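First up is the structure itself, then whatever we jot down about it.
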Amino acid sequence: DPKAGISIVVSAANRFGDPGKCVTSIGLRTTHPSYEIVILADEALTVEGRTYLADCPGRVLQSPSGMAWSGLRNLAVRESDSPYVVFVDGNVEVITDGWLEALLEYSQHAEIGAVGAKLLSKDGRIRHAGTVLGLGEDGLAGDSLAGFPADTGYHFGLATDVRNCSAVSGSCLMVRRDVFDAVGGFDETVPARFDDLDLCLRIRQKGFRVVWTPHAQLYQDLAFSSSRPQADEVAFMKSRWGSTLIDDPYYNPNLTRDREDFGIRL
C-alpha cells in the first residue's frame, strides 16, 4: 500500500544535538501522504532542544527516569498503530525527497524485515552504506565504504545499488510492525550502541531479510556520538552472537576484516 501509515520515531537526546534540524528536514523532505512524528526526549536534553520540543510538529514522549533508549523506542511503537515504523536518530537530516517511499518500497515485501538508508557526512562522504559483520579492531561490525565519496563506483557500484545486508544502522531504519512484534522489539538488555545490530540479527534469525537502499539519503552529524564502545559492551555482543559475527554471508571471505574499504585480505 503506497499510502500506508508510517510512524517516524525520532530519538532526541543530548548526545544527538538539536532535534530541530532533524524534525524540520523531515517536514521539508517527506512527500509520503500518511505519517506521524513521535519524538523521544530524555532528561539530559539541552535547553535549546527543550525549547524546540515545547512547540514542535510532533508528539513528544518523555523518557521515564532510568529507562533505556531501546525501552523508550519500544514504548513509542506500543503507543502508535502505524503498520510501519522508522527509527531516526536526532543527529540526522533528510536529504532526498521521497525518502520514506524509498524505504517503504522494500519494507512492504513480506520476506523483508528491515530496511536501512544511506547516511552521509556534510562533506559528501559515506557514513553508512550497510553493515558488514566482523569488521574493525573490535571484530563486531563496520560500515561499508565509510569515508568514500557518496556516489563512488568502487567495488562494482556497491554504494549505489540496493542490496541485502546482515544489518543496517538504527540511525535510519524502517521495520514493519508485525516483524518488530515477532522479534520482541529492541532488547533492553543490549548496550545502546548495539541495539540496532542486535535487532537486525534477530530479524534475520526469524528468516527475514535486511535490505539497504541508497535512494533514502540523510546527513549524519557524529559530533555528539562518536565514542568507542567499552570492552564490556563488546564482550556482551560476542557472547550473545558468537560465530555469527565472524562469517557475514554478504561479504566475500577473501576481503579484509581490518578496514571498511573492501580491500583484499592478505
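From a predicted model like this one, the values you see are computed outputs, not experimental measurements.
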Hey, does the side chain of [X] reach the backbone of [Y] with a donor-acceptor pair shorter than 3.5 angstrom?
X	Y	result
S80	V77	yes
N91	L222	no
R209	N164	no
R265	P253	yes
T31	D97	no

Do [X] and [Y] have side chains that approach each other closer than 4.5 Å (heavy atoms only, starting at C-beta)?
X	Y	value
T160	D151	yes
E79	L61	yes
I264	L255	yes
F156	L158	no
M174	I6	yes
S70	D187	no
L135	Y251	yes
S144	E260	no

query = Is there a side-chain contact (heavy atoms from CB on, under 4.5 Å) between V115 and V168 once you walk through the steps?
reply = CA-CA 7 Å; V115 183; V168 289; over 6 Å; no
Where [X] and [Y] come nearest, the two heavy atoms and their spacing:
X	Y	answer
V60	A41	CG1-CB, 4.2 Å
W99	C172	CZ3-SG, 3.9 Å
P229	D138	CG-OD2, 3.3 Å
V92	L218	CG2-CD2, 3.8 Å
G185	L199	O-CD1, 3.7 Å
S25	V94	OG-N, 2.9 Å

ask   = Out of D89, I26, V86, which residue meets the side-chain contact (heavy atoms from CB on, under 4.5 Å) rule with V10?
value = I26
key: Carboxylate-amine/guanidinium contact D178 R176, below 4.0 Å   =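 Looking at R176 together with D178, the answer is yes, because their closest N to O distance falls below 4.0 Å.
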inquiry  = Between the side chains of R73 and D195, is the shortest nitrogen-to-carboxylate-oxygen separation below 4.0 Å, so that they form an ion pair?
reply    =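 Result for this pair is yes, salt bridge flagged.
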[X] side, atom [atom1]; [Y] side, atom [atom2] - distance, nearest 0.5 Å:
X	Y	atom1	atom2	value
I8	L100	CD1	CG	4.5 Å
R193	W69	CZ	CH2	15.5 Å
H128	L120	NE2	CG	11.0 Å
E111	Y106	CD	OH	11.5 Å
C56	I39	SG	CD1	3.5 Å
Y219	E93	OH	CD	8.5 Å

Pair S7-R177, side-chain donor/acceptor within less than 3.5 Å =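 The answer is no; no qualifying pair exists.
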inquiry  = Would you say S166 and D248 are linked by a side-chain donor-acceptor pair, where the criterion is simply a distance under 3.5 Å?
reply    =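 A donor-acceptor contact under 3.5 Å links the two side chains.
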key: Connected hydrophobic set around F236, excluding itself, where side chains approach under 4.5 Å   =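 Members other than F236 - counting any ILVMFWY side chain reachable under 4.5 Å - are L133, L140, V190, F194, L197, L201, V234, M237, W241, L245.
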Is there a path of hydrophobic side-chain contacts, each under 4.5 Å between heavy atoms, that joins [X] and [Y]?
X	Y	value
V211	Y250	no
V132	I246	no
V175	L75	yes

message = Can you confirm whether or not the ring centre of F148 sits under 6.0 Å from the ring centre of F262?
response =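 For F148 and F262, the ring centres are not under 6.0 Å apart.
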Y84-Y35 aromatic ring centre distance below 6.0 Å = no
ask   = When you look at H215 and T96, which way does the side-chain contact (heavy atoms from CB on, under 4.5 Å) test go after all the steps?
value = CA-CA 8 Å; H215 304 304; T96 50; over 6 Å; no
ask   = What residues, two or more places apart in sequence or in another chain, satisfy side chain to side chain contact (heavy atoms under 4.5 Å, CB included) together with N254?
value =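 N254: side chain to side chain contact (heavy atoms under 4.5 Å, CB included) contacts with N252.
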task = Please list, chain by chain and in numerical order, all residues satisfying side chain to side chain contact (heavy atoms under 4.5 Å, CB included) with A159, sequence neighbours excluded.
result =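 Applying side chain to side chain contact (heavy atoms under 4.5 Å, CB included) to A159 gives K118, I126, L145, T152.
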task = Test E188 against N74 for side-chain contact (heavy atoms from CB on, under 4.5 Å), laying out the working first.
result = CA-CA 9 Å; E188 297 174 33; N74 289 339; 3.3 Å; yes
key: Candidate pair C200 and T131, rule side-chain contact (heavy atoms from CB on, under 4.5 Å), full reasoning   = CA-CA 10 Å; C200 287; T131 297; over 6 Å; no
